[in-house]
There are 2 protein chains.
Amino acid sequence: MRAGEKAYATLRGDIVDWRLPPGTVLAEVELSARLGVSRTPVREALARLTAEGLAEPQSGRGTVVSGISLDHVEELFELRSALECRAAELAARNRDREVFLELHRQLCDAGRLLTDQDPTRHSYYRLAGELDTAIDAAAGNHYLAQALKSLRVHLVRVRRLSKDNPSRLREAAREHGDIALAIANGNATVASAATTVHLDNSLRHLLQGGATP
Amino acid sequence: MRAGEKAYATLRGDIVDWRLPPGTVLAEVELSARLGVSRTPVREALARLTAEGLAEPQSGRGTVVSGISLDHVEELFELRSALECRAAELAARNRDREVFLELHRQLCDAGRLLTDQDPTRHSYYRLAGELDTAIDAAAGNHYLAQALKSLRVHLVRVRRLSKDNPSRLREAAREHGDIALAIANGNATVASAATTVHLDNSLRHLLQGGATP
DNA sequence: GCTCCCCTCAGTGTATACATAGATGCGAAA
DNA sequence: TTTCGCATCTATGTATACACTGAGGGGAGC
């Protein structure tokens, strides 16, 4: 792997997983020593992180990990809602019916995924991610997919703001199932509405300190 | 101005104004010679352009100006519609009534701006830009504004795909006036609907080879 | 004559040296 | 004692040298 790519991936992971909390100073010389590469690829990585909004230039000198708080979450969800509702509408028009029926079946059955001893909820989040991927693919819009991709980075960070809550995750799985079913049925209006409902529930639980996938 | 900033601004302008058409190879050594800076700031500029989608890595080696065609325009407008409709709704809720009433007045009077001998339609596009800025500010959503900002770069490129059409511009001004009025009235539903109508008209005229601001 | 392999070269990837600007701390003066 | 100014220093901005990879062309073999 290229050194610049490695530096970027490492820093991005560290920021998203809160190993580098907001406000952390990203000094080029220190990072190049820690990551074992020279300053040039580190600079490239910092530029990419800044473009994504994960880092910010600090008063014209230096770079710091960008802050994210519950104040920002409402704005983030407003954008998310706009993008995901539209994606769901487009997906409902162009979808492969069988794909979303299968996702619907799996999501209805997701309760089992949450009863086992998987503390990271890995299998659940993977299924939710598959729904996102399927919607992006069915929507067939490169620009929309790109906008959603850059948005999801921030959403992963936000997820760490609060603890997972099994009962909320089960509700969320059901809501995801509603979305998948509406898309399978080719009903754009219902798909958009189900997405709106899901995001509103997620946001409220998140602001209450509950779980919000 | 910093060399990297200068290189970025120059290349960005050249790409947006079609002086560097899609497919143009952006070679680091050639650019550093042409721009009078070393390869380091050129690399920084190319990285930023790639992140914005104005340039693309070519088969793992080199960078080329990204293509944009009428095939992409529909996708671009789909994303634009999702973002601008939501922005209009938010603006309608939080707006300063007087600001948008004033914009409405100016837009209703925009016919005069188009009758004079301004071939670049500078004064008209400036007014349209003021409406965009006012909506972004009233919406009060940093993430949404950022998404719209990165989208508008591509829209400027698209504008060059077709010639300006005075009669379409006059219609567009009226549509903009409708949007401003709905926002001034605090009616989110109408603001969103007016935006949808405006974008649909713009897209259809663009695809017919007419003007589309 | 065609195809495959090797050599060359061009251009990117990385490292490092040097320039420069902003910040910080210390000292002096009011 | 406090404030202002200067010096120093640290971290970034830029340039350049070197390494390496991938592509393209030419030659040889089948």
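Residue numbers begin at 1 in each chain, while the letters A, B, ... track the order of the sequences. Treat the numbers as computed from the prediction; the structure is a model and nothing was measured. Side chains included, hydrogens not; waters and symmetry mates left out as well; all remaining heavy atoms used.
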Any pair with a residue in residues 64-73 of chain B that passes salt bridge (Lys or Arg N to Asp or Glu O under 4.0 Å), sequence neighbours left out, goes on the list, sorted by first then second residue, please.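 Every candidate salt bridge (Lys or Arg N to Asp or Glu O under 4.0 Å) pair involving residues 64-73 of chain B fails, so no pair, neighbours aside, qualifies.
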What pairs with [X] under salt bridge (charged side-chain N to carboxylate O under 4.0 Å, His left out), at least two apart in sequence or on another chain?
X        : value
A/Arg95  : none
A/Arg160 : A/Asp17
A/Arg12  : A/Glu52

Are B/Arg2 and B/Tyr8 in a cation-pi setup, meaning NZ or CZ lies under 6.0 angstrom from the ring centre and within 45 degrees of the ring axis?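 No; the conditions do not both hold, so B/Arg2 does not lie above the ring face of B/Tyr8.
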For A/His154, ring pair (Phe, Tyr, Trp, His ring centres under 6.0 Å) partners two or more places apart: B/Tyr143
When you measure only distances, ignoring hydrogens and angles, does the side chain of A/Arg39 come within 3.5 Å of the base of D/dG13 through a donor and an acceptor?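 Checked by distance alone, the answer is yes.
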Tell me, please, which residues at least two apart from [X] pass side chain to side chain donor-acceptor pair (under 3.5 Å).
X        : answer
A/Arg93  : none
A/Ser38  : none
A/Ser192 : A/Glu89

May I ask you to list the residues of residues 20-33 of chain B, by number, that have any heavy atom positioned under 4.0 Å from an atom of DNA chain D? none
Side-chain N,O (B/Ser38) to OP1/OP2 (D/dA15) below 4.0 Å: yes
For DNA chain C, find the residues of residues 41-54 of chain B with a heavy-atom distance under 4.0 Å and give them by number; none if there aren't any. B/Arg43
Using atom CD of B/Gln58 as one end and atom P of C/dT12 as the other, report the distance to the nearest whole Å.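 Result: 10 Å.
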Pairs flagged by side-chain hydrogen bond (donor to acceptor under 3.5 Å, both in side chains) wherever residues 25-37 of chain B is involved - sequence neighbours left out: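 Found B/Glu28-B/Arg39, B/Glu28-B/Arg43.
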If you restrict it to nitrogen or oxygen atoms, what contacts under 3.5 Å exist between nucleotides 8-10 of chain D and the protein, and what is each distance?
none

